[in-house]
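Take a look at the structure below.
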Amino acid sequence: MSDGKIIEYAFLFRNEGFLESFLLQDLKISIQLDPIEMDRLIEYGSVDEIPYYNCSAKSQNEWLATGVKRPWLGYPITVFGVFIEILYLPILYIIFKSKLIKMTCYKIMVLLAFTDMTATACSCLITGPLLIIGSVFCVYPTFTYIAGGFAIATWCMSCSVTTSLFLNRVISVAFHGLSNSIEKKLAYICIFLCIFYGFYVLFFTPVVCFNSEWLIWLPDPLSEMKPSEQAAEYYKNRVQAWNNWIFVTCMFVLFTLYLAMINKISMGQKSKAAKSIFIQCCIICFFNTVIALVYNALTLITPDYWMLLLCQFCWSVNHGCPALIYITMNQTIKREFKKMILGSDKRIGSVSTHPASLTHLSTH
């Protein structure tokens with residue numbers, strides 16, 4: 001898509017309220033709209049019956065002609081998604097088969113794994129083929145609508161679970177003597193809240209809609225011939241916006257506290273463990289932060305092509321990062337994974353207390 005086209009869209013949507021900041025939005029509109037999202041599909045019976053999601057203005061082929069085929073991006077992220085989904089299976093097997101699942105942090109990691117597997121299905125296994133054929137929302141409206149609901153729900157849930165995992169590690173280090181009594185209760189509370197939050201976002205907030213011309217999933221399905229203030233308000237997802245800002249803030253605070261405690265524990269020495277944990281923290285924070293900031297930037301500025309491409313790349317890679325970290329930097333999973341690949345006869349069962357892992361810092 002040309003820069004001129006992006007600017008044209010951005011100018012049009014900004015005038016109609018699409019790109020206005022959620023902090024500055026005037027909530028006084030003439031039409032009161034139903035805020036429930038997935039229930040809209042149930043209430044109206046089909047996507048075409050939902051206000052501002054009607055695609056009857058053009059035929060399917062005409063809508064397809066408005067998209068842009070991007071096989072150079074679609075094929076790689078699809079292959080990557082398949083690889084990540086397969087990779088998660090032995091990781092989960094190791095965690096459940098061994099004693100790792102008894103550790104509090106691994107309970108949160110399992111929830112994160114299932115969340116990331118679902119998110120990878122959206123960011124890679126669904127997005128990849130849509131990029132290959134150059135799809136837009138109105139080509140497969142029902143499928144894209146439902147997939148968009150899961151995409152936004154798994155993203156928000158992933159943010160909450162990642163924050164919970166960092167919080168668990170900070171508490172484990174800060175209150176090492178009391179961690180056993182605090183960690184377990186807090187972990188179960190966090191797991192419950194994360195699952196509840198994920199279902200809330202899925203059923204009670206607006207979905208995102210894929211558009212190959214924009215490279216990413218947008219709040220606006222771009223199905224209306226003439227954008228309106230009411231339609232822009234109908235598409236807004238303030239929960240996602242607040243989720244992104246809160247997530248970035250929490251990760252920055254927890255990241256800073258975590259590294260400060262690591263430095264204190266290692267007495268200022270640049271140990272292998274401290275370096276490993278620092279790298280893991282940076283990887284986890286980087287991709288999540290880029291995605292959160294780019295999506296929130298859509299409400300404030302006209303995004304450049306490279307920003308949209310970076311956002312899609314980070315979203316595709318983001319949910320696969322934990323799996324790659326587990327088999328390369330988590331000493332227990334790495335060791336048992338090698339045994340599975342090499343066909344070792346040694347049984348899975350021992351839990352390593354090697355400190356060079358984000359999940360094992362409390363044993364340092």
Side-chain angles (χ1 to χ4, degrees), residues 1-3 5-22 25 37 40 47 50-55 58 63-64 66-68 70 73-74 77 119 122-123 126-128 130-131 133-156 201 205-241 243-244 290-316:
M1 178 173 59
S2 66
D3 291 341
K5 191 69 172 177
I6 294 179
I7 294 173
E8 178 183 344
Y9 273 126
F11 178 78
L12 177 61
F13 295 144
R14 183 179 288 127
N15 284 344
E16 299 297 338
F18 179 77
L19 295 179
E20 291 178 0
S21 168
F22 67 94
Q25 173 64 26
E37 185 56 33
R40 291 174 182 169
V47 173
I50 301 175
Y52 309 118
Y53 285 90
N54 192 299
C55 299
K58 297 180 181 179
W63 281 115
L64 187 60
T66 65
V68 179
R70 303 183 190 275
L73 179 60
I77 67 174
C122 297
S123 65
I126 293 177
T127 301
L130 292 179
L131 282 168
I133 66 175
S135 182
V136 297
F137 171 78
C138 284
V139 175
Y140 307 108
T142 301
F143 173 78
T144 307
Y145 187 93
I146 296 174
F150 279 96
I152 191 66
T154 53
W155 160 250
C156 291
V201 174
T205 69
V207 303
V208 286
C209 305
F210 181 77
N211 190 289
S212 59
E213 189 173 15
W214 281 76
L215 284 169
I216 59 176
W217 294 72
L218 298 167
D220 193 328
L222 303 181
S223 59
E224 298 294 300
M225 295 296 98
K226 183 180 179 182
S228 64
E229 183 179 348
Q230 289 76 21
E233 183 68 20
Y234 204 63
Y235 302 142
K236 273 181 170 41
N237 191 329
R238 292 181 177 81
V239 172
Q240 181 199 8
N243 173 90
N244 292 350
V290 168
I291 300 168
L293 292 180
V294 170
Y295 264 94
N296 279 6
L298 290 173
T299 65
L300 303 172
I301 64 173
T302 301
D304 291 328
Y305 177 81
W306 69 268
M307 289 179 62
L308 299 173
L309 182 60
L310 177 63
C311 182
Q312 177 57 54
F313 171 78
C314 288
W315 185 43
S316 300

Query - Nearest atoms (heavy-atom pairs only) where V201 meets I152 - result: CG1-O, 3.9 Å
Query raised in the report: Of all heavy-atom pairs between C209 and P219, which one has the smallest distance, and what is that distance?
Result: SG-O, 4.4 Å
Give, for atom [atom1] of [X] and atom [atom2] of [Y], the distance between the pair rounded to the nearest 0.5 Å.
{"X": "Y235", "Y": "E224", "atom1": "OH", "atom2": "CD", "result": "4.5 Å"}
{"X": "N54", "Y": "C138", "atom1": "CG", "atom2": "SG", "result": "8.0 Å"}
{"X": "F313", "Y": "L308", "atom1": "CZ", "atom2": "CG", "result": "15.0 Å"}
{"X": "C122", "Y": "I146", "atom1": "SG", "atom2": "CD1", "result": "11.5 Å"}

Holding to side-chain contact (heavy atoms from CB on, under 4.5 Å), I want the full list of residues that pass it with [X], two or more places apart in sequence or in another chain.
{"X": "Y140", "result": "Q60, L130, I133, S135, F143, T144"}
{"X": "S316", "result": "I77, C124, Q312"}
{"X": "L309", "result": "W72, L73, L215, Y305"}

Considering only heavy atoms from C-beta outward, does the side chain of [X] approach that of [Y] to under 4.5 Å?
{"X": "V290", "Y": "L310", "answer": "yes"}
{"X": "V207", "Y": "Y53", "answer": "yes"}
{"X": "I291", "Y": "C314", "answer": "yes"}

Query raised in the report: Is the shortest side-chain N to carboxylate O distance from E213 to R70 below 4.0 Å?
Result: no
**Report entry** Donor-acceptor contact below 3.5 Å, side chain T205 vs main chain R238
**Finding:** no
Query raised in the report: Just by distance, do the side chain of S212 and the backbone of L131 share a donor-acceptor pair under 3.5 Å?
Result: no
Query raised in the report: Would you say the side-chain atoms of S123 and W155 include a donor-acceptor pair closer than 3.5 Å?
Result: no
Requested in this report: Decide side chain to side chain contact (heavy atoms under 4.5 Å, CB included) for L222 and N211; before the verdict, give the C-alpha distance in whole Å, the side-chain angles of both, and the deciding distance to 0.1 Å.
Outcome: CA-CA 8 Å; L222 303 181; N211 190 289; 3.3 Å; yes
Requested in this report: Determine the sole option in W315, F137, Y145, W217 for which the ring pair (Phe, Tyr, Trp, His ring centres under 6.0 Å) test with F210 is passed.
Outcome: W217
